[in-house]
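Single-structure report; data block below.
Side chains are part of it too, since the values below use all heavy atoms of this structure and drop only hydrogens, waters and symmetry mates.
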Amino acid sequence: ESMSLAIALPPRQRGALTIEFLNQESAEAGQKVLQDQMHYIERGFRRREIDEQRARELADSFTPETRGKRVVMELTAEELREKIGPVLVLTMIRDREGAARIRAGSNLRKLSQAILLWTYEHGEGRLPEDLALVEQVFTDPRVDGTTWALVNRNPRFAADNAFAYVRPADRLDSIKEPDITVLAYEKPPAGGVREGVNVAFADGRVEWMSATDFEELAALQGFEIQHLPR
């Protein structure tokens, strides 16, 4: 019938999600359905690198209760302060970082596509000598109005000129293994690669690579990893 969310601020901090059904029988059935879904919440917490015991405690905090024709999921001040609050903050931070990583990968994909576009339309199969040459394709209306300034910016680090170009060969058709040959990548911070970077390959594919894998691949293919300025 209806659903409401109530949140009270300190000093009487609490939160409650209330779902109202047509009758008590429907509410009891709804409570069982919600209870069965709690293991998905627990699995979600585990995916965020929360240990098993803590994930179980957090999921238990969301246990639905039947009160007449209502089902209530209530969180006490202690649960909000000591259990749920820190996890929500951690989740929001990680989700925001994940979104920035995806946007950075999207920018890198557009950049690598522009490199390949320049190769075919301007270089006659020859790869551009540097990224400055690639900028001209972003003035082409066929690129949906995407500007060089936007695509060459990394939202993860709020940095301009944030992608490095690896010119693996003079000509694209001379690359024997384009699916594993690095074409470009996002420059990591000056302090190091950290958890990983987005990498574009000569076949146009973009992949997220861990720090270890990327460093090993750079060493194998013989290019030095460029970093953002301090």
Identify the heavy atoms of Thr119 and Pro128 that sit nearest to each other, and give their distance. OG1-CD, 3.5 Å

The criterion is salt bridge (charged side-chain N to carboxylate O under 4.0 Å, His left out); which residues satisfy it with Asp160, sequence neighbours excluded? Arg153

For Ala169, give me all partners under side-chain contact (heavy atoms from CB on, under 4.5 Å), at least two apart in sequence or on another chain. Ser174, Ile175

Tell me, please, which residues at least two apart from Leu17 pass side-chain contact (heavy atoms from CB on, under 4.5 Å). Met3, Leu5, Met73

Of all residues at least two apart in sequence or in a different chain, which pass the ring pair (Phe, Tyr, Trp, His ring centres under 6.0 Å) check with Phe214? Tyr185

Listed partners of Phe157 passing ring pair (Phe, Tyr, Trp, His ring centres under 6.0 Å), at least two apart: none

Residues that Ser2 engages under side-chain contact (heavy atoms from CB on, under 4.5 Å), provided they are two or more places apart: Glu20

Taking atom CD of Gln221 as the centre, report whether more than 12 heavy atoms of other residues, nucleotides or ligands fall under 6.0 Å from it. yes

How close do Ile225 and Ala218 get, counting heavy atoms only, and between which atoms? CG1-CB, 3.8 Å

Side chain of Asn107, backbone of Leu150: donor and acceptor closer than 3.5 Å? yes

Check: Thr181 side chain, Glu177 main-chain N or O, donor-acceptor pair, under 3.5 Å: yes

Should Leu133 and Ile115 be regarded as members of a common hydrophobic cluster, given that ILVMFWY residues are connected when their side-chain heavy atoms come within less than 4.5 Å of each other, either directly or indirectly? yes

For Glu28, check salt bridge (charged side-chain N to carboxylate O under 4.0 Å, His left out) against everything at least two apart and list the hits. none

Work out which heavy atom in Gly105 is nearest to a heavy atom in Val206; give both atom names and the distance. O-CG1, 3.9 Å

Suppose clustering is done on Ile, Leu, Val, Met, Phe, Trp and Tyr with side-chain heavy atoms closer than 4.5 Å. Which residues sit in the same group as Leu22? none

List in chain and number order the residues that pass side chain to side chain donor-acceptor pair (under 3.5 Å) with Asn161, two or more places apart in sequence or in another chain; answer none if no residue qualifies. Asn152

Contacts of Arg167 that satisfy salt bridge (charged side-chain N to carboxylate O under 4.0 Å, His left out) - sequence neighbours left out: Asp170

Evaluate the criterion side-chain contact (heavy atoms from CB on, under 4.5 Å) for residue pair Arg126 and Trp118; output intermediate values, then yes/no. CA-CA 9 Å; Arg126 180 174 52 86; Trp118 188 96; 3.9 Å; yes

Donor-acceptor under 3.5 Å (Arg171 side chain, Glu124 main chain): yes

With the side chain counted from C-beta on, respond yes when Lys187 and Asn154 share a heavy-atom pair under 4.5 Å apart, and no when they do not. no

Got a second to check how far Glu135's CD is from Asp130's CG, nearest 0.5 Å? 10.5 Å

Give the cluster check for Leu131 versus Leu117: same hydrophobic cluster or not, with ILVMFWY residues linked at side-chain heavy-atom distances below 4.5 Å. yes

Same cluster or not: are Trp148 and Tyr165 linked, directly or through other Ile, Leu, Val, Met, Phe, Trp or Tyr residues, by side-chain heavy atoms under 4.5 angstrom apart? yes

Residues which pass side-chain contact (heavy atoms from CB on, under 4.5 Å) with Asp203, listed by chain and number, not counting sequence neighbours: Pro178, Asp179, Phe201, Arg205

Taken in chain and number order and not counting sequence neighbours, the residues that satisfy side chain to side chain donor-acceptor pair (under 3.5 Å) with Asn198 are Glu186

Taken to the nearest 0.5 Å, the spacing of Lys69 NZ from Ile19 CD1 works out to 14.5 Å

Close side-chain approach of Leu116 and Leu183, heavy atoms under 4.5 Å: yes

Over all atoms of both residues, closest heavy-atom pair of Leu172 and Ala202: CD1-O, 3.9 Å

Cluster question for you: counting only ILVMFWY and a side-chain heavy-atom cut-off of under 4.5 Å, with indirect links fine, are Ile102 and Trp208 together? no

Using a 4.5 Å cut-off on heavy atoms from C-beta on, say whether the side chain of Met209 contacts that of Leu217. yes

Considering all heavy atoms of both residues, which atom of Lys110 and which atom of Val151 are nearest to each other, and what is their separation? CB-CG2, 3.4 Å

Minimum-distance pair of heavy atoms, taken over all atoms of Pro155 and Ala104: CG-N, 3.7 Å

